Every structure is written in structure tokens, then in C-alpha cells.
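What you see is a predicted model, and the numbers here were worked out from it, not measured in a lab. Residue numbers count from 1 along this sequence. Each ligand, and each atom within it, is numbered from 1 in the order the structure gives.
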Amino acid sequence: MAREIVVMGAGMVGVSVAWYLARRGHAVTLVDRREPGRETSFGNAGIIQREAVQPYPFPRDLATMLRVLPNRQVDIRYRPGGMVQAAGPLLQYWQNSAPKRYARIVPEYASLICLSLEAHAPMVEAAEADALVRREGWLEVYRTREAMAARLRDTEANAERFGVRYRALEANELATLEPRLSDDLAGAIHWEQPWTVADPGALVQAYAKSFEAEGGRVWQADVTDVARHGNGWRVATSEGELDAEQVVMAMGPWSREWLSNLGLDIPLFVKRGYHMHYGTTDSARLGHWVMDAEVGYLLAPMQAGIRLTTGAELERLEAPPHLAQLAAAERVAKKLFPLGERLDAEPWKGARPCTPDMKPVIGPAPGQEGLWLALGHGHQGFTLGPATGRLLAQMMDGERPEIDMAPFRADRF
Ligand SMILES: Cc1cc2nc3c(=O)[nH]c(=O)nc-3n(C[C@H](O)[C@H](O)[C@H](O)COP(=O)(O)OP(=O)(O)OC[C@H]3O[C@@H](n4cnc5c(N)ncnc54)[C@H](O)[C@@H]3O)c2cc1C
């Protein structure tokens with residue numbers, strides 16, 4: 001039966017939830033203070049990561065900890081304020097990264113990742129967004145044979161267990177594929193299944209337009225209050241009130257404070273990241289998305305230029321940007337590929353919404369009938385938004401979801 005539903009947050013996750021609900025005939029309003037896809041879902045690396053069956057664990061080996069400690073690395077930096085504010089969740093994250101616990105988390109996480117492409121596919125088609133999407137995979141390049149061999153060992157196991165397809169490239173094969181990359185690389189892993197998106201924000205916008213074409217309503221307004229009202233919910237916004245039988249919280253990194261107002265403590269924390277676009281020198285062309293795996297940044301040939309995205313910064317959500325990590329990545333990247341001048345006036349800053357066990361929260365809010373949660377997608381929300389939408393819509397319609405959703409319950413913390 002068709003129901004009135006309000007989805008709060010129009011990033012990749014909220015738009016996808018709204019899209020799948022509208023497809024099922026529900027009357028859905030999608031509310032965001034900005035246009036769809038203008039926050040975290042705008043500035044990411046744009047990879048639909050079918051290979052990412054293993055979420056990022058907290059480093060536990062001494063060598064990595066000693067490397068990270070001086071706070072000068074490209075892949076991860078920390079700030080005292082961010083560490084203090086997220087101390088509880090970070091401690092749990094460290095505990096969940098211990099080999100035994102992590103081994104349990106991987107297949108749970110992989111069950112979502114395995115649905116990622118097939119959940120995006122009908123949305124790309126309905127949105128007529130094929131021009132934004134390339135289906136040629138991406139490259140993880142290595143500087144040393146040892147690091148590449150270690151990664152390949154994990155990869156072989158993942159190929160068998162979770163159907164990940166890849167090709168190991170020798171240095172000369174990599175040079176043929178990407179002739180303008182530095183010639184002192186040991187080789188690369190070519191992840192063959194993932195899709196790459198030349199303008200991630202535009203894909204979210206195209207999905208939102210397709211949602212409107214299905215009869216959905218996009219409402220641009222600041223959410224100012226969420227409360228029970230009669231048998232349903234009332235969402236107060238800067239543009240007026242919205243009443244609904246059910247509401248979905250999909251406000252990414254901003255979800256935590258809203259849930260704590262409702263008495264729900266979900267231990268979300270953020271890993272911030274930056275991007276900048278560059279031109280190239282002497283018309284150099286980059287054909288693929290390339291991650292410099294042992295350094296920890298990514299180069300993506302986007303419509304707006306070559307987008308460099310940084311690794312993680314453990315810092316408070318709203319603290320001002322710190323630009324040293326981007327500058328350090330830029331120095332290394334310029335030696336990997338002939339990047340030209342910066343194209344943006346300011347670096348972009350965003351925040352990955354993370355949970356201590358690396359898995360998103362998807363399902364009903366405990367003790368709050370009619371409130372549903374779709375948040376905490378960390379490093380892979382652009383990948384997992386549509387799978388989340390498809391599964392949550394099945395749950396909201398009282399169907400048995402196609403995978404076990406117990407690992408993603410909100411009451412597991
Ligand atoms: C540098 C970087 C690279 C990344 N690369 C990738 C990648 O290649 N592949 C991948 O899968 N993932 C990647 N990610 C992660 C991915 O971007 C996120 O997991 C994902 O965008 C989260 O989506 P979301 O919809 O949960 O949040 P968001 O996109 O942040 O959406 C939340 C929305 O809530 C709205 N909102 C907040 N407060 C209010 C309010 N009071 N009223 C109304 N609206 C409100 C915001 O305006 C926003 O639009 C990357 C992230 C970063 C930072």
C-alpha cells in the first residue's frame with residue numbers, strides 16, 4: 001500500500017532510498033538544505049567499488065603505527081580535537097580491527113558490496129546517465145613488488161569468495177596502458193568490475209531527477225526538527241512542516257546529532273578528505289582512475305580536470321580545513337603523473353560518515369516506530385547508496401530482504 005514517506009538527506013544514500021521507495025509506488029518527499037548530491041557525495045573519487053569487499057581496518061601493526069605517528073603521512077592524519085571527540089568510537093574501531101573480529105566483518109560487508117553494481121544499474125538506465133559512467137575498472141599502482149605481492153595474496157582469496165575480478169599488471173603492461181605515469185612503478189592491480197563516474201555530484205542529481213520523474217518530490221529546506229506526531233512523524237523545515245507515516249534519516253555525517261536528539265546514540269565519527277582538480281602539462285592524458293596505493297591518494301580523470309582525492313583526516317566534522325595533507329599528496333602526485341596547475345579556487349573538503357565496526361546502519365531505529373536509518377557508509381557510500389535503497393525499501397515494505405540485514409542493525413552498538 002502506498003504510504004507518505006519523508007527521506008531526510010539527498011546525498012547518494014538518501015536519493016537512492018527515495019528512488020527505490022518511489023519505484024514501489026510510495027509518495028516520497030526528499031528533503032535537503034542543498035540541491036541533491038552537493039556534500040560528501042559530490043566530492044568523492046567517483047568509483048563504484050565492486051572490489052571493496054574488505055572495509056578499511058584501523059592500522060594495528062607496529063610498523064604502520066610508527067609511520068602514522070609523526071602525522072606527516074599522505075594516507076592518514078589526525079588532529080587532537082578530532083581524536084578526543086571520537087575517542088570512544090575510535091577505540092571500538094581499533095578493537096573491531098583485530099584479526100578475529102575483522103574476519104567476521106568482511107563477509108558481512110561484502111554481502112552489500114556484491115549488490116552494488118546491480119543496484120546502480122537500473123538507476124543509471126532510468127536516469128539516462130550512461131554518459132557519466134565508465135565500465136573499465138580502475139588501477140591500484142604499486143611502487144614495490146613486496147607490497148603488491150601482499151595485496152595480491154588477499155585479492156586471490158577475495159576473488160574466490162566474493163567474485164572479485166582483477167588482473168595483475170607487470171610494470172611494462174602498466175606503462176602500455178598508462179604511458180604518462182612515472183616509470184619507477186613495480187606494477188598495478190587492475191580491478192576490472194568497478195564503474196567510474198566522471199562527475200559524482202552530477203550522477204546523484206541525475207538520480208534525483210529520475211526520482212522526480214517517478215513522481216517523487218524534492219524539497220530544498222533545512223531540517224530543523226524531527227518528532228513524532230500522532231501515529232506518524234513531523235519534520236519541521238525552514239520552508240514549512242512535512243507530515244509522514246514514516247521517515248528515513250540519511251543525513252550522512254550530520255545524522256548523529258539528530259539521532260541523539262531522539263535519544264539514539266549511534267557512535268558515528270568522521271574521516272575527512274579533500275580534493276583539488278588539476279590541468280595536465282604537455283597535454284598528458286590519464287585514461288584510468290589511479291590509486292597510488294603505498295602513498296594513499298587517488299587521481300581521477302573527471303570532467304572538471306584530474307581530481308586528486310586525499311586519504312583520511314581524523315578531525316571534527318565542522319573544524320576548519322587543514323591543507324597540509326593535500327599539499328603533501330600533490331607533491332608526490334606531480335612525480336607520478338604530469339599534473340598541471342590547480343583549477344579550483346579552494347580545495348574541497350568532505351567527511352566520510354564512519355562507524356566503529358566499518359559497516360553502515362540500515363534498518364529500523366530501535367524504539368522509534370516509523371523511523372528508519374540509512375547512514376554510516378564510510379569510505380563506500382557512493383558505491384553502496386543504491387544497494388542500501390533497494391534493501392531498505394524491501395524492509396519498509398515488510399518483505400524479507402534479499403540478504404541478511406542483522407549485521408547492519410542499529411542496536412548492535
Ligand atoms: C575524499 C573522498 C573520496 C571518496 N571516494 C569514494 C569512492 O570513490 N567511492 C565510494 O563509494 N565512496 C567514496 N567516498 C565516500 C562517500 O563519498 C560517502 O560515503 C557518501 O558520499 C556518503 O553519502 P551520504 O548520502 O550518506 O552523505 P552526504 O552525501 O553527505 O549527504 C548527506 C546530506 O544531508 C544533508 N543535510 C545535512 N544536514 C541537513 C539538515 N539539517 N537539513 C537538510 N539537509 C541536511 C546534506 O546537505 C547532504 O546533502 C569518498 C569520500 C571522500 C571524503
List every atom of ligand 1 that sits less than 4.0 Å from any heavy atom of [X], numbering the atoms from 1 in the order shown and giving each element.
X: Ile47; answer: 7 (C), 8 (O), 9 (N), 10 (C), 11 (O)
X: Met12; answer: 25 (O)
X: Gly378; answer: 15 (C), 18 (C), 19 (O)
X: Gly9; answer: 33 (C), 34 (O)
X: Ala45; answer: 3 (C), 4 (C), 5 (N), 6 (C), 8 (O)
X: Gln49; answer: 7 (C), 9 (N), 10 (C)

Contact check: [X] vs ligand 1, nitrogen or oxygen atoms, below 3.5 angstrom:
X: Val13; value: yes
X: Trp348; value: no
X: Thr383; value: yes
X: Asn44; value: yes
X: Pro253; value: no
X: Leu384; value: no
X: Gly350; value: no
X: Ser41; value: yes
X: Arg38; value: no
X: Val223; value: yes

Salt bridge between [X] and [Y], side-chain N to carboxylate O under 4.0 Å?
X: Asp357; Y: Arg104; result: no
X: Lys334; Y: Glu330; result: yes
X: Glu212; Y: Arg217; result: no
X: Asp199; Y: Arg307; result: no
X: Arg228; Y: Glu369; result: no
X: Glu313; Y: Arg77; result: no

Could Arg167 and Trp191 be counted as a cation-pi pair, given that NZ or CZ must be under 6.0 Å from the ring centre and within 45° of the axis? no
[X] side-chain N/O to [Y] backbone N/O, donor-acceptor pair under 3.5 Å:
X: Asn44; Y: Gly46; answer: yes
X: Glu178; Y: His288; answer: yes
X: Gln193; Y: Arg165; answer: yes

Tyr166 meets the side-chain hydrogen bond (donor to acceptor under 3.5 Å, both in side chains) criterion, sequence neighbours left out, with none
Among residues at least two apart in sequence or on other chains, which ones pass side-chain hydrogen bond (donor to acceptor under 3.5 Å, both in side chains) with Ser182? Asp184
Nearest protein heavy-atom contact for atom 43 (C) of ligand 1: which residue, which atom, what distance? Arg33 N, 3.2 Å
closest protein heavy atom to atom 27 (O) of ligand 1 is Gly252 CA, 3.6 Å
Does [X] approach ligand 1 within less than 4.0 angstrom via side chain, backbone, both or neither, non-hydrogen atoms only?
X: Phe382; result: both
X: Met251; result: both
X: Ala221; result: backbone

Among Val235, Thr237, Asp222, Thr310, the residue with a heavy atom nearest to atom 40 (C) of ligand 1 is Asp222
Identity of the nearest option to atom 53 (C) of ligand 1, non-hydrogen atoms only, from Arg352, Glu39, Glu35: Arg352
Quick one: does His275 get a heavy atom under 4.0 Å from ligand 1? no
Near Lys209 NZ, under 6.0 Å, is it more than 12 heavy atoms from other residues, nucleotides or ligands? no
According to the interplanar angle, ranging from 0 to 90°, do the rings of His275 and Trp348 count as parallel (below 30°), tilted (30 to 60°) or perpendicular (above 60°)? parallel
